[in-house]
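This report refers to the structure that appears directly beneath it.
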Amino acid sequence: MFKVNAETKKILVPLISIVAGFLVGAVIMLLWSYNPILAYTSMFSSALGNMNGLGETIREATPLIFTAIGFSIASSAGFFNIGLSGQAQGGWLAAIWIALANPHMPKYILLPYAIIVGTLVGAAIAGIAGVLRAYFGTNEVIVTIMVNYIVLYSCQYLMQNVMSDRLRVSTDATKTVTDNGSLRLDWLSNMFGGSRINAGIFLALIALVVFWFIMKKTVTGFEIKAVGLNPFASRYAGMSAKKNIIVSMLLSGAFAGLGGVVQGLGTYQNYFTQTTSVDIGFDGMSVSLLGGGTALGILLAALLFSILKIGGLGMQTLAGIPYEIVSIVIAAIIFFVAINYVIGLLFEKKKKNYNQPETIAKVSNNSVDGPAVKVGKGGEV
């Protein structure tokens with residue numbers, strides 16, 4: 001057992017989880033007669049070895065940052081928001097719809113308009129679970145899982161039966177948004193070898209700062225964390241548990257909706273029929289857990305996950321290793337993060353030595369609890 005301080009332990013536990021996940025992947029590769037060194041070399045080379053791969057890695061990480069922030073806010077309030085996928089999907093469709101319906105609107109108006117609408121749609125979808133939890137005590141896990149399916153098929157219905165034909169190329173896909181509604185920046189894409197990197201990364205960095213500021217510097221963030229730690233004590237202190245439940249879910253859904261907006265206006269620039277819930281929701285949960293719910297941790301974890309996903313394609317093409325191995329590595333990392341309590345047992349927190357001298361002091365308590373008492377070493381009575 002190693003003695004470390006609390007800050008060091010917070011860093012070591014996820015690092016060990018990551019290393020353990022890679023080791024599990026390596027063992028599985030060896031069992032199937034694959035070369036793990038070649039595999040991981042191909043992975044990192046594909047994801048980071050050229051400007052196009054680096055741009056795609058950053059692009060892949062961008063929506064994960066938003067959904068991870070959303071999950072972290074809900075988690076801080078003591079809730080498990082499983083509905084990130086539905087919230088992101090709703091924001092995606094709403095932003096694309098606004099951009100396609102107003103193709104001639106100036107970019108400085110249309111782009112913020114589409115982003116705001118997509119964000120609000122994500123917040124509204126999450127707000128359903130928040131209101132039901134606050135006023136009826138329903139389980140947010142069950143509600144958000146069910147809402148995911150409702151949003152999935154509602155979006156499909158809206159695109160195929162409500163959206164105007166002039167906005168679609170078929171019943172399965174919309175037209176591509178115009179430049180006025182796109183997050184793509186030619187100079188940025190050219191800088192990264194023609195990749196699909198877009199202005200969403202700048203929004204993601206701003207979102208991380210906003211997330212940090214809300215949770216660390218505002219009354220709202222303090223109350224959200226207080227309700228999450230102890231709802232009874234926070235209620236006794238005068239905080240409204242119902243208000244903070246709803247606020248935390250609205251904020252969570254807003255950031256998840258932004259993740260969908262970036263996918264729509266940045267990565268794909270259209271909306272198409274989804275056969276299942278979008279991946280960025282569940283991947284965002286994993287990123288949040290690995291990043292410890294902190295802004296810096298989320299940024300680093302999102303980059304790691306995107307390296308695994310983009311680099312996994314390189315493993316398949318360059319090393320001939322099935323892409324499913326990447327999924328195993330990701331699952332192993334999350335498994336070790338989930339049992340971080342066990343990994344944490346490897347480390348013992350250093351005890352502070354105050355070297356308090358032995359003193360005898362008279363303590364007056366105005367005879368409320370009895371006569372004055374003597375206090376000895378370490379505050380012993």
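The residues of the chain are indexed from 1 along the displayed sequence.
Linking Ile, Leu, Val, Met, Phe, Trp and Tyr whenever their side-chain heavy atoms come within less than 4.5 Å leaves Ile246 and Ile214 in two separate clusters. Hydrophobic clustering, with ILVMFWY side chains joined whenever heavy atoms are under 4.5 angstrom apart, groups Ile69 together with Leu205. Residues Leu110 and Leu258 do not share a hydrophobic cluster, defined by chaining ILVMFWY side chains whose heavy atoms lie under 4.5 Å apart. Val209 and Leu300 fall into different hydrophobic clusters, where Ile, Leu, Val, Met, Phe, Trp and Tyr are joined by side-chain heavy atoms under 4.5 Å apart, directly or via other members. Transitive grouping of hydrophobic side chains (ILVMFWY, heavy atoms separated by less than 4.5 Å) brings Met51 and Leu313 into a common cluster.
To the nearest 0.5 angstrom, Thr273 atom OG1 is 4.0 Å from Asp172 atom CG. We find the CG-CZ distance between Leu84 and Phe66 to be 13.5 Å, quoted to the nearest 0.5 Å. The line from OG of Ser45 to CE of Met315 is 12.5 Å long, rounded to the nearest 0.5 Å. Between the NZ atom in Lys175 and the CZ atom in Arg168 there is a gap of 10.5 Å [rounded to 0.5 Å]. Once rounded to the nearest 0.5 Å, the distance linking CD1 of Ile298 with CG of Leu289 reads 10.0 Å.
Contact annotation: the side chain of Met43 approaches that of Leu308 to within less than 4.5 Å [non-hydrogen atoms, C-beta and beyond]. The closest side-chain heavy-atom distance from Gln316 to Ile321 is not below 4.5 Å. Side-chain atoms of Leu185 and Phe202, non-hydrogen and from C-beta on, do get closer than 4.5 Å to each other. Inter-residue side-chain proximity for Ile125 and Gln87 is flagged as met; some heavy-atom pair is nearer than 4.5 Å. Residues Asn270 and Val177 form no side-chain contact, since every pair of their non-hydrogen atoms from C-beta on lies 4.5 Å or further apart. Using a 4.5 Å heavy-atom threshold, the side chains of Ser46 and Leu318 count as touching. Taking the side chain as every heavy atom from C-beta outward, Ile98 and Ile116 never approach each other to under 4.5 Å. Annotation: side chain of Phe136 is not in contact with side chain of Val143 (no heavy-atom distance under 4.5 Å).
Aromatic ring orientation, Phe44 versus Phe22: tilted (interplanar angle from 30° to 60°). Ring pair Tyr149/Tyr153 is parallel by interplanar angle, where below 30° counts as parallel and above 60° as perpendicular.
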Ring pair (Phe, Tyr, Trp, His ring centres under 6.0 Å) for Phe232 and Tyr236? Distances and angles first, verdict last.
CA-CA 6 Å; Phe232 303 105; Tyr236 181 78; over 10 Å; no
Yes or no on side chain to side chain donor-acceptor pair (under 3.5 Å) for Gln156 and Asn161, after CA distance, side-chain angles and deciding distance?
CA-CA 8 Å; Gln156 183 171 330; Asn161 299 281; over 6 Å; no
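No side-chain N or O of Gln269 forms a donor-acceptor pair with one of Asn198 less than 3.5 Å apart. Side-chain contact check for Tyr271 and Gln263: no donor-acceptor pair (N or O, by modelled atom type) lies under 3.5 Å. Defined by atom type and a distance below 3.5 Å, a donor-acceptor pair is missing between the side-chain atoms of Asn148 and Ser277. A donor-acceptor contact closer than 3.5 angstrom is absent between the side chains of Glu140 and Thr144. Between Thr57 and Ser306, the side chains place no donor N or O within less than 3.5 Å of an acceptor N or O (distance only, hydrogens not considered).
Between Phe255 and Phe71, the ring centre distance reaches or exceeds 6.0 Å. Aromatic rings from Phe192 and Trp187 are positioned such that their centres are separated by 6.0 Å or more.
By the 4.0 Å N-to-carboxylate-O rule, Lys309 lies close enough to Asp283 to be salt-bridged with it.
Under the 3.5 Å distance criterion, the side-chain polar atoms of Ser252 are left unmatched by any main-chain donor or acceptor of Ser248.
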